[in-house]
Amino acid sequence: MASVPFCHLHVHSEYSLLDGANKIDALAERAAKLDQPAIALTDHGVMNGAVELYSAAQKHGIKPIVGCEVYFVDDHKVAGDRRSERNHLTLLASSTAGYRNLVALCSRGFLDGYQRGKPTVDMDLIAQHSEGVIGLSGCLQSRFARRVIDGKEEEARKHMELLAEVLGRDNIYFEVQPNAIPEQKILNEAAFKFGREWGRPVAATADAHYLDGSEQCFGNHQALLCVQTKSTLENPKMSFSGNEYYIKSAEQMAADLKRDHPDLSASEIEAALTSTVEIAERCSLEIELDRRLIPSFETPDQLSEADYLRKLVFEGLAVRYGDPLPDAARERADQELEVIDRMGFSAYFLIVWDFIRYAREQGIPVGPGRGSAAGSLVAYCLRITDVDPIDYDLIFERFLNPERISLPDIDIDFCERRRGEVIDYVTRKYGRE
């Protein structure tokens, strides 16, 4: 059949440790070469490659879709034994909120649900972080798949209905994979059946663990699995069935679906492929890589952060140098403030000034300042430091230089016994997150 729009939504990279053999830039490059408009990343239990995928996809002119194949359990807080059920579930972020929710899910999985070496989540946890998340029914290791294979279709239906309640019915897609495995064929037929019953699209995926179908890529992945299972290529404890789990072209996906399901019509196969692009079009993510996410500082009288910082600095100048203000101090303050404003660090200085002010008001001893920050007249006027940079001929550019864009580094010493009070103050003011 003629080529139809398609993109991969179930993909593993090297961040699926000892299971995925893909480098992320190579994934984006191959998808672009195959004229696929987007590519997803769904590593096992982690979002470690999300930013790398975002950059690589932009570099190669395709859309990044970040996701995760989470480890799903009945109760993520109850430690289970080897007999406890643990399934896979494919989740994709359709928005920035969804991205944050998937990151939160992964973190909670490690912090609260670490079981048998894996970060796990349950339905209640997914419900807490459901905004902007799209769910696919999953691979052969999913809860839906295991119920279907075990002949428990009603339980499979109940699981998907629960997932639909949590994510929203419009955010549920049934996943089919053409890989020639007999059990997978049974699962695919059930996915097509449920899709028709629910009026929901079926999405074709390849569960790609390596880049292409070459013997080298296949062999490299086999070797990786042997490292994971402490076995050898001659006697592997674990291996994938057939050379099927790579970034296939749309034509190959269509041919493999027809191979596994000869009764499927051309329109049904086309729909399974094009629905992947429809999902990709629903996904819109912006990760601000070129901006430092510094908390905003609440200023009085609706002043801007830069204006309030200037006000505090010139008040401090009067205290430090008296009246009339020396021209050298005024000029240097103006120059430093201009650089600080241009580099977007006004809020940073206000935040540091504020918690040092709090510490002094609470009688918590604060050091005079160390390192290159002592070269800042602004820091001196704010009493962040207590060393006069003009008197000691210290250089501001060693601390903050427009030619070297990096966050300011202010070394501050608090009383060891009470510095926790300062941390608590900052936490209360700006939020634990």
Side-chain angles (χ1 to χ4, degrees), residues 7-13 15-16 38-51 53-54 57 63-76 86-113 118-139 141-145 158-175 191 194-195 198-205 207 275-288 433:
C7 62
H8 285 272
L9 299 179
H10 191 145
V11 181
H12 295 275
S13 76
Y15 292 108
S16 290
I39 189 166
L41 187 64
T42 56
D43 282 314
H44 288 302
V46 298
M47 298 282 288
N48 298 5
V51 171
L53 175 78
Y54 186 82
K63 176 183 272 191
I65 304 171
V66 300
C68 182
E69 188 171 24
V70 298
Y71 294 101
F72 178 80
V73 294
D74 289 320
D75 188 339
H76 78 289
R86 183 173 67 197
N87 303 108
H88 295 181
L89 177 62
T90 316
L91 301 177
L92 305 174
S94 65
S95 63
T96 302
Y99 167 62
R100 291 174 177 163
N101 275 323
L102 289 186
V103 170
L105 271 176
C106 292
S107 296
R108 292 286 298 277
F110 276 102
L111 294 171
D112 303 333
K118 304 295 183 184
T120 65
V121 301
D122 56 27
M123 198 67 80
D124 287 341
L125 197 57
I126 294 171
Q128 294 173 38
H129 302 283
S130 61
E131 181 185 356
V133 175
I134 290 173
L136 276 62
S137 58
C139 65
Q141 297 306 316
S142 68
R143 179 69 58 92
F144 173 72
K158 287 179 180 178
H159 169 70
M160 294 306 295
E161 286 174 349
L162 279 174
L163 195 62
E165 286 179 18
V166 166
L167 299 181
R169 202 175 183 89
D170 291 343
N171 293 320
I172 295 297
Y173 294 83
F174 290 93
E175 185 173 352
F194 273 75
W198 284 37
R200 297 298 302 145
V202 169
T205 72
D207 196 6
S275 65
T276 64
V277 177
E278 292 169 9
I279 293 171
E281 289 172 349
R282 291 186 57 188
C283 296
S284 179
L285 174 64
E286 293 291 332
I287 302 178
E288 296 181 285
E433 293 300 318

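Every residue two or more places apart in sequence or in another chain that forms a ring-ring contact (aromatic ring centres under 6.0 Å, His included) with His88 is listed here: His44, Tyr71. With sequence neighbours excluded, the residues that form a side-chain hydrogen bond (donor to acceptor under 3.5 Å, both in side chains) with Tyr173 are Arg282. For Asp112, the salt bridge (Lys or Arg N to Asp or Glu O under 4.0 Å) test picks out Arg108, with sequence neighbours left out. Among residues two or more places apart in sequence or in another chain, the side-chain contact (heavy atoms from CB on, under 4.5 Å) test is passed with Asp74 by Arg143.
For the residue pair Ala280 and Ala38, the shortest heavy atom distance occurs at CB-CB, 3.9 Å. Across all non-hydrogen atoms, the minimal contact from Thr90 to Leu9 is CG2-O, 4.3 Å. Gly195 approaches Val202 most closely through the heavy-atom pair CA-CG2, 4.4 Å. Across all their heavy atoms, Ile134 and Ser94 have their closest contact at CD1-CB, 3.8 Å.
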Criterion side chain to side chain contact (heavy atoms under 4.5 Å, CB included) on Gln141 and Asn87, from CA distance to verdict
CA-CA 6 Å; Gln141 297 306 316; Asn87 303 108; 5.9 Å; no
Determine whether Asn48 and Asp43 satisfy the following criterion, side chain to side chain contact (heavy atoms under 4.5 Å, CB included), listing intermediate values before the conclusion.
CA-CA 8 Å; Asn48 298 5; Asp43 282 314; over 6 Å; no
Take Thr276 and His8 through the test side chain to side chain contact (heavy atoms under 4.5 Å, CB included) and record every step on the way to the result.
CA-CA 7 Å; Thr276 64; His8 285 272; over 6 Å; no
Start with the C-alpha gap between Met160 and Phe174, add the side-chain angles, then the distance that decides, and say whether side chain to side chain contact (heavy atoms under 4.5 Å, CB included) holds.
CA-CA 9 Å; Met160 294 306 295; Phe174 290 93; 3.9 Å; yes
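Listed by first and then second residue, the salt bridge (charged side-chain N to carboxylate O under 4.0 Å, His left out) pairs that reach into residues 95-106 come to none, sequence neighbours excluded. Contacts classified as salt bridge (charged side-chain N to carboxylate O under 4.0 Å, His left out) and involving residues 124-135 (residues at least two apart or in different chains) are not found.
For the pair Leu162/His159, no side-chain contact is recorded, criterion being any heavy-atom separation below 4.5 Å from C-beta on. You'll find the side chain of Val66 stays beyond 4.5 Å of the side chain of Leu41, heavy atoms only. Between Thr42 and Thr205, every side-chain heavy-atom pair lies at or beyond the 4.5 Å cut-off. Inter-residue side-chain proximity for Leu105 and Val133 is flagged as unmet; no heavy-atom pair is nearer than 4.5 Å. With contacts defined as side-chain heavy-atom distances shorter than 4.5 Å, the pair Met47/Tyr99 qualifies. You'll find the side chain of Lys63 stays beyond 4.5 Å of the side chain of Ile39, heavy atoms only. Proximity of Thr120 to Leu125: side-chain heavy atoms (C-beta onward) are nowhere separated by under 4.5 Å. Put simply, the side chain of Leu167 reaches to within 4.5 Å of the side chain of Ser130, judged on heavy atoms.
Looking at Tyr54, its side chain does come within 3.5 Å of a backbone N or O of Ile287 through a donor-acceptor pair. Put simply, the side chain of Ser95 gets close to the backbone of Gly98: a donor and an acceptor are under 3.5 Å apart.
Considering CD of Glu165 and CD1 of Ile172, their distance stands at 10.5 Å, rounded to 0.5 Å. Leu89 contributes atom CG, which lies 11.5 Å from atom CG of Asp122 (distance to the nearest 0.5 angstrom). Between the NZ atom of Lys118 and the CZ atom of Phe110 there is a distance of 9.0 Å, given to the nearest 0.5 Å.
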